[in-house]
Amino acid sequence: MEEQSTQEPDLLNAERDVQREWQDQCTYEVSENSTRPKFYCLTMFPYPSGQLHMGHVRTYTLGDVIARFQRLKGKNVLHPIGWDAFGLPAENAAIKRNIPPAKWTRENIESMRGQMQRLGFSFDWSRELATCDPEYYRWEQWFFTRIFKKGLVYKKSAWVNWDPVDQTVLANEQVIDGRGWRSDAPVERRELEQWFVKITDYAEELLGYLDKLDGWPEKIKLMQRNWIGRSEGVEMTFPQEGGQGISVYTTRPDTLMGATYVAVAPQHPLALQAAKSDAALADFLEQCNRVKVAEADIAKLEKLGMWTGQTVSHPLTGEPVPVWVANFVLMEYGSGAVMAVPGHDQRDWEFANKYGLPITQVVKPVEGSDEPCDIGGGAYVSKNGVLVNSGEFDGLDFDGAFNAIADALEKKGLGERQVNYRLRDWGISRQRYWGCPIPIIHCNKCGPVAVPEQDLPVLLPTDVEFDGVGSPLKKMPQWYETTCPECSGDAVRETDTFDTFMESSWYYARFASSKSEAAMLDERTDYWGPVDHYVGGEEHAILHLLYARFFHKLMRDEGLVDSDEPFEKLLALGMVLKDGVKMSKSAGDAGDPQHLLDTYGADAIRMAMMFAAPPDQSFEWSDHGVESAARWLKRLWNTVEEHLAQGDVPEIDKQNLTDEQRDLRRVTHETLAKADDDFGRRIAFNTVVSAVMSLMNQVHKFEDNSPQGHAVKREALNVAVLVLSPITPHICHVLFDRINGASIDEAIWPAVDEEALARTVVEVVVQVNGKVRGRMEVPPDTAREEVEGIARTLDNVDKYFDNKTIRKVIFVPNKLVNFVVS
RNA sequence: GCGAAAGUGGCGGAAUUGGUAGACGCGCUGGAUUUAGGUUCCAGUACCGAAAGGUGUGAGAGUUCGAGUCUCUCCUUUCGCACCA
């Protein structure tokens, strides 16, 4: 046993030696002074939650593989890392364990940085930043004051989840079954004045530029398009005598003659007004306000409504139309009211049926259509029909009716055509302590005033007491009491902090201008930007990626960056699921890679993780693969050492190789070509691992002790080590040095020897009626006639021709021949 | 509810442009080595069938000489839904 263990390669010690070398030599620190083309590889920075989980391991390994591959391809690679350090969990920890959020966050950063270094990620640590550093957030505050002065920021009231016991605003995830997570009190909706940034001013541009993002997955672009939700419709008013009337937006003005009621949100002014004199309605509105503000929760509710007792007039017929409150109408979206056409909208149809409201059919399928025309069983929602029961508009199709009705409304001054977006302005106020203070001073005389540049940053005090009731900032008059920068009168600071998406919307640019003290960003950001490859979880497909794109355009319009989009290419990763882990007994730390690191090492974890699934796919992680990866790596090490022990090798004499030597060379160069394509274009690393495994299987079978045999084998081993090095950098660092006496950090990805790829025979499949009946080997590019001729004579093939006629022969060169018989 | 995607052996997955389904690995089975266990090495392993052969990529339909791949319907799972990050 003793004897065996001393012969085994010590992967763990080798990893530590290599990591020490990287650290001592600052191997991955980069500068802008390089003749190599730049490549900015960025992986979404983590929230410092405490320790890494397998999702982090996957994300950062994938990013590291890309960075290391691009270095091998001769690029000057920026690969930075930092910490998305503000946020809710630090406050929760502060309440639970009585640790100040700053301390808790710093300690988490320390331990996660250690784990990242132990995993061998090739980060440029000199550029590390945390968003809770005043040196970072001061520039965010500075930038905010710039866009504030530009008029891109405004205040309006918005609804939040309010915990009446803890006197605190709750995040959606803190509301569980309608109750506060700590107090268990039923939540209430509350209206608060909040800051918004006008992302809708950029809606058209954010939408249009999606078409130019060739390096983004189609599905992400589609989700963003749908999120922005551009539509063309008509904004119209249902007038009310003695009132303002109700404004609604519709994309289906063609169905206006079928509008039989109007539905408003429970927070709509008309509903609130009506409830003053209607106790039952007031009750209903209160009930609606007990649901948390998340759209998904509202949409899942049973559809409930109540008549407000009010009517408005139909804009074209003047007929009275009842106004209902409906719990599924969102106040945040549009005007908070919709016209209901139960004949042609399924949700309206169900609502009308439930409450006995009239359903009128105003569109019917065209003659000869096979669409069902009866609306007794459900709404007819197709736009392919023609109008009926619509007076002068009868007989018009969708476009005709859309235009005629829009014209009629415009003529009456009750409506106009409008382009609408589903996208809403970005609410950036949070009633939280652990965030970046919003640099605004409220003055009774001057109103809200931006903090002047020389007074920035507005520092977040870190000596705070946490009791879980409200934000500590609101209890610190010594902090919020100040003077107005304009009139010098008494004034108070804004006590809300920024949404943490603010910090994560520009960190990629700051990494490039690392540590710049004179400016938010400098010319180095133009050198490195835009990010060439951005890697991160698919859960960020919309919010983070949309806000960052928006912020980039804001920075561009301030002259801070010279590009239109921040991220050239995007890799949206699937989730690492852990249901199996949850069921295991070691649930507490099963997601923590530490014990795997201590037992098997970084390379084994990295290899197992990359081999487990392609990057864009979600999968359930299991520790099993790590042990077998470690075993495989040890075998690789042993194979290389045994080979080296046999001495030096001659040059390969390409013209005089045996068939076996040619075969091994072909597999070697096929592996090289495939790895190049998989790393660089397909971003599929699991197949790189299997290709190298296959190559090594060939090497193990290769028994040729001639000098040329050794030379061919050495080439194979060298390619295996080089190709695998982005995934398992430590062992490959050691083995590359053992084989070549040189550092792999200086190595350049070799060219494929096209000659080595040539085959002397190819296999052609013979099918009869699409079923495989035989195979044959022929020289490459053998002519159709010849292949067909041989195929017909094959034993297993010609018997299918008995009593049949060959109707057709399909021929795919070098692949197959298919006889269609009957 | 709305938007987006995924579904292939016992398991993770491969099949890149519509052209041999199951590469590679795990697990399992058998063998060699070992006092034994483990390790290591070798062989086998989609399913049914004695074989010939047949069946097979969530279910059902369709297009095609040919479908895991394209189209439609349905089922299930995952992600997002604006205060988790």
Side-chain angles (χ1 to χ4, degrees), chain A residues 1 4 8 44-47 49 84 86-89 158 160-161 169-175 194 199 217-220 222-227 229 292-301 303 328 332 347 422-432 499-501 504 537-544 546-547 572 574-575 577 608 611-614 616-622 624-625 627-629 631-632 634-635 638 674 677-678 681-682 684 686-687 689-694 697 700 763-772 775 807-810 812 815-821:
Chain A
M1 220 157 138
Q4 272 185 352
E8 284 210 340
M44 291 177 187
F45 64 169
Y47 178 79
S49 53
D84 191 12
F86 279 135
L88 198 54
V160 294
N161 306 307
V169 174
L170 296 176
N172 282 331
E173 72 157 17
Q174 295 176 303
V175 180
Q194 315 218 40
I199 190 173
E218 278 309 318
K219 67 165 182 170
I220 307 287
L222 188 55
M223 279 193 265
Q224 291 217 349
R225 260 180 219 118
N226 291 338
W227 184 263
K292 74 169 162 176
V293 293
E295 192 176 324
D297 290 75
I298 294 164
K300 274 182 229 152
L301 293 173
K303 311 278 177 285
F328 54 85
E332 292 84 1
R347 194 171 61 176
R422 205 188 72 96
L423 181 68
R424 306 199 289 260
D425 276 337
W426 179 10
I428 51 161
S429 299
R430 295 294 180 271
Q431 297 70 42
R432 302 257 166 71
D499 175 8
T500 57
F501 276 126
S504 56
E538 65 178 356
E539 71 273 22
H540 295 294
I542 294 174
L543 291 179
H544 162 62
L546 192 64
Y547 290 143
M575 308 293 288
L577 307 173
F611 187 46
D616 57 355
Q617 192 172 307
S618 296
F619 76 103
E620 202 165 305
W621 168 256
S622 117
H624 286 323
E627 191 182 343
S628 78
R631 235 182 358 242
W632 191 91
K634 280 181 184 175
R635 196 179 177 196
N638 285 332
K674 178 171 176 57
D677 191 42
D678 283 1
R681 182 183 64 87
R682 294 182 65 216
N686 54 330
T687 49
V689 176
S690 42
V692 176
M693 284 175 166
S694 292
N697 288 346
H700 291 131
E763 190 184 61
V764 170
V765 164
V766 183
Q767 297 182 334
V768 179
N769 286 341
K771 291 198 189 268
V772 180
R775 290 150 203 278
R807 305 280 172 197
K808 199 172 173 184
V809 183
I810 311 285
V812 182
K815 273 210 174 118
L816 68 76
V817 53
N818 181 18
F819 295 97
V820 183
V821 305

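Below, chain A is the first sequence line, B the second, and so on; all start at residue 1.
A distance of 7.0 Å separates OG in Ser690(A) from NZ in Lys674(A), rounded to the nearest 0.5 Å. Of the inter-residue distances, the one linking Leu88(A) atom CG with Tyr47(A) atom OH reads 7.5 Å to the nearest 0.5 angstrom. Taken from CG in Asp499(A) to CZ in Arg432(A), the straight-line distance is 9.0 Å, to the nearest 0.5 Å. Between the CD atom of Gln767(A) and the CZ atom of Arg775(A) there is a distance of 10.0 Å, given to the nearest 0.5 Å. Note: His540(A) NE2 to Ile220(A) CD1 = 11.0 Å, rounded to the nearest 0.5 Å.
No side-chain heavy atom of His544(A) sits under 4.5 Å from any side-chain heavy atom of Glu539(A). Looking at Trp632(A) and Val692(A), their side chains come closer than 4.5 Å, going by heavy atoms from C-beta outward.
When the P atom of rG53(B) is taken as reference, atom NZ of Lys771(A) falls 13 Å away, rounded to whole Å. Rounded to whole angstrom, the span from the CG atom of Leu301(A) across to the P atom of rC2(B) amounts to 15 Å. The nearest whole Å value for the distance from the CG atom in Leu546(A) to the C1' atom in rA4(B) is 15 Å. When the P atom of rA5(B) is taken as reference, atom CG of Leu577(A) falls 19 Å away, rounded to whole Å. Glu218(A) places its CD atom 18 Å from the P atom of rG3(B), with the value rounded to the nearest Å.
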*For side chain to side chain contact (heavy atoms under 4.5 Å, CB included), just list the numbers for Val766(A) and Phe819(A), CA-CA rounded to whole Å, side-chain angles, deciding distance to a tenth of an Å, and then say yes or no.*
CA-CA 8 Å; Val766(A) 183; Phe819(A) 295 97; 3.9 Å; yes
_Using a 4.0 Å heavy-atom cut-off to protein, can you give one letter per nucleotide of nucleotides 80-85 of chain B, 5' to 3': B if the base is in contact, S if only the sugar-phosphate is, - if neither?_
SBBBSB
*Contact state string [nucleotides 11-26 of chain B, B base, S sugar-phosphate only, - no protein heavy atom under 4.0 Å]*: -BSSSB--BB--BBSS
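The ring-ring contact (aromatic ring centres under 6.0 Å, His included) check on Phe611(A) picks up nothing, with sequence neighbours excluded. For the side chain to side chain contact (heavy atoms under 4.5 Å, CB included) test, residues two or more places apart in sequence or in another chain that qualify with Asp677(A) are Arg681(A), Arg682(A). Qualifying side chain to side chain contact (heavy atoms under 4.5 Å, CB included) partners for Asn161(A), counting only residues two or more places apart in sequence or in other chains: Leu170(A), Asn172(A), Val175(A), Lys292(A), Val293(A).
With a glycosidic angle further than 90° from 0, rG62(B) counts as anti.
Base pairing in RNA chain B yields stems of at least 3 consecutive Watson-Crick or G-U pairs, both distances under 3.5 Å, namely B:1-7 with B:75-81, B:10-12 with B:24-26, B:27-32 with B:40-45, B:46-48 with B:53-55, B:58-62 with B:70-74.
If you take atom C1' in rA15(B) and the same atom in rG53(B), they sit 25 Å apart, rounded to whole Å. The same atom, C1', is picked in rG9(B) and in rG22(B); the two are 7 Å apart, to the nearest Å. Taking atom C1' in both rG25(B) and rU76(B), the straight-line distance is 27 Å, to the nearest Å. The gap from the C1' atom of rC28(B) to that of rG12(B) amounts to 16 Å, rounded to the nearest Å. Rounded to the nearest Å, the gap between the C1' atom of rG13(B) and that of rA61(B) is 29 Å. Annotation: rU39(B) and rG49(B) have their P atoms spaced 33 Å apart (nearest Å). Taking the P atoms as reference points, rG58(B) lies 23 Å from rU64(B), given to the whole Å. The C1' atoms of rA50(B) and rU35(B) are separated by 42 Å, rounded to the nearest whole Å.
Under the 30°/60° scheme for interplanar angles, the aromatic rings of Trp426(A) and Tyr547(A) are found to lie parallel.
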